[in-house]
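Position 1 is the first residue of the sequence; numbering continues from there. For the numbers below, each heavy atom of this structure counts, side chains included, while hydrogens, waters and symmetry mates do not.
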Amino acid sequence: MLRGLSISNVLLFRGLNVEFEPGLNVFTGETGAGKSILLGALGFVLGRGGRTDLVSFDAKSGEVSASFELSARHPTRNILAEGGFPVERELVLRRVVSSSGRRTAFINERRCSSAALREIGASLIEIHGQNDELGLLNPLNHREFLDDFAKISPLRATAAAAWKDMKSVREELDSANSVLEEAESEIEFLEFAVSNLNRLDPKPGEEEELDSRRRLMKNSARILGDLSKAAESIGESGAENMVGQALRWLEGASTASDGRLGNAVEALERAFSELGQAQQALEEFRSSLEFDPFEIDAVEERLFEIRAAARKHRVAADELPELAKCLESDLERLKGKGSEIDALKRQAWAADAKFDAAALELTSARRCAAAALDNAMSQELVPVKLEKTQFKTEVVEGVPGPEGRDKVQFYASTNPGTPPGPINRIASGGELSRFVLALKVCLYSGGSEASMVFDEIDRGVGGATADAVGRRLKSLADNSQVLVVTHSPQVAAFGSSHWRVAKETGESDTKTNVISLSESERVSEIARMLAGDRITDEAVAAAQALLDRARE
């Protein structure tokens, strides 16, 4: 609820402080007194553009501040929290404009952008004039208005949650499909690589072993020649014969020398034995060099194949067995994406069905609410002299989203036989304002958290129609705060609080003031509205009668 408005050095408002009340706040005054400037200043502090020459002619800057009291469930609280502003029961908006046109805005004394001020301002107050009913006239808002009328917040929450789940699963499925699509060529490569490595089946250390075997086989002819020469040198015709002869010579000499050659004989015997062992080792090694003629080709082929695989995969030959395990694991993981996608598809189908059910329930509730709203409007339009106007709420299939899959738009026809059209094209001036008032009465029968401002909504009507307009404004104000600028005494009589906007001209300046009226002052003001400058007893009596009737 709007609690107070302070205006300093804005056009004719030099230093104004107004404390507003709940219910219907009425502002009256002569033409040109400054009522439109007052609403312009209110719009300015709510973030609207407004005129460029707002600062009083002799001031360097102008300032407007508005204080609000926020209920526990006021939607502005969420906007403040999302914007990082402190959320308190009292909210103060302040906006300063310099004489050069520079504007600065504050929310609870914290500087903010014009966009943030506009968003918060729009959630606090709805300003409705003859050309300012953009909230109701904008088709983009119609679905939300209908939902508020239908009181289907739980259904909207269910649909929003189902939409969120559906989008999440669909995004996950799309991501998995994308990964699988990108991995198809990788799967093909992995299958080929794993198949080749499994066929090759390399073992740790095998490359070194094969290389040694290959070198041995390639050098076997030369080695065999050297072995033969070595064997001949230590054999019967070589060292073995000579050592044997030496032993025979020493054996005879040893007997004659009283055994003093025993050590030499023992050493030669050991040498003779070692020569035998050397001959045996040479023979064993020579036997190992007996190769299949085709074996060297097989060894070389496998060695080259292992080395080629290592080069291809850019790893050491001994790392090929571990690489084969890693590639096989990657292949299994990528192939597992297919199973994952099947599971995600099933989840997506279930999420789709859940959203469809929630959206269908929303559609059903909206169509029922649309019929109820159409019926309510048919009754509300008669008292405001729009009995020939037909109102129709259309609920058709639209783009699916968190709020379901419905497109809602309000249509109306002012003349029998003419097809309905968008409500912003059906009338103009006072007719449109009265139409909006009737629609607001229907939509906000349970009250509105936002305060509502109506600027001369009664223009062009009088008598019973003006009385009907006043009654509907009072009806709105029973559960919401309403501010109305009016020239109609019938409407003014329904106000629970009454202010007169008056221009005061002094010797050196002119300023506008807003004066709270007492009960007797209200009678005089309404009498002035009835009779003009010359207030008669009859006008006073008529004014009192209007006030008495409004209280019935």
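Taking the six-membered ring where the residue is Trp, Tyr444 and Phe145 present perpendicular rings, their angle passing 60° and hence far from 30°.
For Glu69, the CD atom sits in a packed shell: over 12 heavy atoms of surrounding residues, nucleotides or ligands are nearer than 6.0 Å.
Applying the side chain to side chain contact (heavy atoms under 4.5 Å, CB included) test between His142 and each of Gln409, Lys407, Glu394 identifies Gln409 as the sole match. Applying side chain to side chain contact (heavy atoms under 4.5 Å, CB included) to Phe27 and the options Leu39, Val484, Thr486, Leu38 leaves one that passes, Leu38.
Looking at residues two or more places apart in sequence or on another chain, you find no side-chain hydrogen bond (donor to acceptor under 3.5 Å, both in side chains) involving Ser153. Legend: residues meeting side-chain hydrogen bond (donor to acceptor under 3.5 Å, both in side chains) with Glu305, ordered by chain and number and at least two apart, are Arg199. Applying the salt bridge (Lys or Arg N to Asp or Glu O under 4.0 Å) test to Lys203 and every residue at least two apart in sequence or in another chain returns Asp201. Under the side-chain hydrogen bond (donor to acceptor under 3.5 Å, both in side chains) criterion, Asp406 pairs with Thr363, Arg366, not counting sequence neighbours. Evaluation of the side-chain hydrogen bond (donor to acceptor under 3.5 Å, both in side chains) rule for Gln390 yields no partner, not counting sequence neighbours.
A distance-only check finds a donor-acceptor pair linking the side chain of Gln481 to the backbone of Glu21 [under 3.5 Å]. Listed for the His313 side chain is no donor-acceptor partner under 3.5 Å among the backbone atoms of Val315. Judged by distance alone, with hydrogens and angles left aside, the side-chain atoms of Ser413 form a donor-acceptor pair with the main-chain N or O of Thr418 at under 3.5 Å.
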- Query: Does the pair Ser100 and Ser98 meet the rule for a side chain to side chain donor-acceptor pair (under 3.5 Å), with working shown?
  - Reply: CA-CA 5 Å; Ser100 63; Ser98 68; 2.8 Å; yes

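Legend: side chain to side chain donor-acceptor pair (under 3.5 Å) pairs involving residues 371-382, not counting sequence neighbours, sorted by first then second residue: Asp374-Thr393, Glu380-Arg472.
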